[in-house]
Amino acid sequence: FYKVVFPTTKGIHQGKAYVHIAEALLFETASGVVNGSPGSSPPRELVGNVIDGDPATKYLNTTGPGSGFTLTLPEAQALDALALTTRTNDDIWQWDPKTWEVWGSNDSVDWGDDGWTKLGEGDTRLGNARGSQSVVSFDNDTAYRFYKVVFPTTKGIHQGKAYVHIAEALLFETASG
């Protein structure tokens, strides 16, 4: 059994505090080792931040669109969803990913190699507000040991720079997966 409690709300409307929930998911994310795509990241904005559970940290890749990360699992799993969260404490929404791709492989292949199988792609559906979250799903019933997440496009350019940043990016298997 699970108990979910919302101790606070964003505010009061017409003298009442309401809680509106469009979707609630309880899931266990896949744990493994993450590696950044080719490119560079500032020392405090490394790829490990995408799985640290802290929306105040982020992974930043200065290569920009087309960058992302790989996840190496201890054993193959059939993952079929990706939960994304933007950073809560910066205002550069233009660097948020606009689109995503997820790839799988059972061979340890390099970022640009042909050994990846595309599992899904689409719009991230991330809002511009800081701390925005979305969950995207894709059809996959094959267990892979290696996953690659690519962010082909961002929402724009900020101060002449086209980087990619994301606070959290967690792959998992949905209950119906």
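Side chains included, hydrogens not; waters and symmetry mates left out as well; all remaining heavy atoms used.
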Looking at Trp93, I'd like to know if the NZ or CZ of Lys155 sits under 6.0 Å from its six-membered ring centre while staying within 45 degrees of the ring's axis. no
Distance (rounded to the nearest 0.5 Å) between [X] [atom1] and [Y] [atom2]:
X: Gln77; Y: Leu71; atom1: CD; atom2: CG; result: 8.5 Å
X: Thr70; Y: Asn35; atom1: OG1; atom2: CG; result: 4.5 Å
X: Asp54; Y: Thr85; atom1: CG; atom2: OG1; result: 11.0 Å

Are any side-chain N or O atoms of [X] and backbone N or O atoms of [Y], one a donor and one an acceptor, separated by less than 3.5 Å?
X: Thr62; Y: Ser40; answer: yes
X: Glu45; Y: Leu60; answer: no
X: Tyr144; Y: Thr117; answer: no
X: Arg44; Y: Pro42; answer: no
X: Thr99; Y: Glu121; answer: no
X: Arg87; Y: Pro55; answer: no
X: Ser105; Y: Trp116; answer: no
X: His165; Y: Ile92; answer: yes

Looking at every heavy atom in both [X] and [Y], which two are closest together, and how far apart are they?
X: Leu46; Y: Ser41; result: CD2-CB, 3.8 Å
X: Val135; Y: Ala83; result: CG2-CB, 4.1 Å
X: Asn140; Y: Leu79; result: ND2-O, 2.8 Å
X: Trp100; Y: Asp123; result: NE1-O, 3.3 Å
X: Val47; Y: Phe69; result: CG2-CB, 3.5 Å
X: Ser37; Y: Asn61; result: OG-ND2, 3.2 Å

Within the 4.5 Å heavy-atom criterion, are [X] and [Y] side-chain neighbours or not?
X: Arg130; Y: Thr86; result: yes
X: Ile166; Y: Asp96; result: no
X: Thr72; Y: Arg145; result: yes

Before giving the answer on side-chain contact (heavy atoms from CB on, under 4.5 Å), spell out for Asn49 and Lys58 the whole-Å C-alpha distance, their side-chain angles and the decisive distance to 0.1 Å. CA-CA 5 Å; Asn49 291 344; Lys58 70 177 179 182; 5.6 Å; no
Given Val102 and Leu82, is the side-chain contact (heavy atoms from CB on, under 4.5 Å) satisfied, shown in steps? CA-CA 9 Å; Val102 174; Leu82 174 64; 4.2 Å; yes
Answer with yes or no whether the side chains of Ser134 and Thr124 bring together a donor and an acceptor at under 3.5 Å. no
Polar side chain donor-acceptor pair, Asp52 to Thr57, under 3.5 angstrom: yes
Verify same cluster id: [X], [Y] (apolar side-chain graph, 4.5 Å):
X: Val136; Y: Tyr147; answer: yes
X: Leu171; Y: Val164; answer: yes
X: Leu119; Y: Trp111; answer: no
X: Val149; Y: Val34; answer: yes

Is Lys148 salt-bridged to Asp110, cutoff N-O under 4.0 Å? no
Between the side chains of Lys118 and Glu101, is the shortest nitrogen-to-carboxylate-oxygen separation below 4.0 Å, so that they form an ion pair? yes
Take Asn106 and Phe146 through the side-chain contact (heavy atoms from CB on, under 4.5 Å) test and state the conclusion after the steps. CA-CA 6 Å; Asn106 278 315; Phe146 304 94; 5.6 Å; no
Before you tell me yes or no, could you show the steps for Val50 and Glu168 under side-chain contact (heavy atoms from CB on, under 4.5 Å), namely the whole-Å CA-CA distance, both residues' side-chain angles and the distance that decides it to 0.1 Å? CA-CA 4 Å; Val50 298; Glu168 296 293 313; 5.8 Å; no
Apply side-chain hydrogen bond (donor to acceptor under 3.5 Å, both in side chains) to residues Asp80 and Thr174 and explain how you reach the verdict. CA-CA 6 Å; Asp80 61 3; Thr174 60; 3.0 Å; yes
Scan Trp95, Tyr59, Phe151 and name whichever one has a ring-ring contact (aromatic ring centres under 6.0 Å, His included) with Tyr163. Trp95
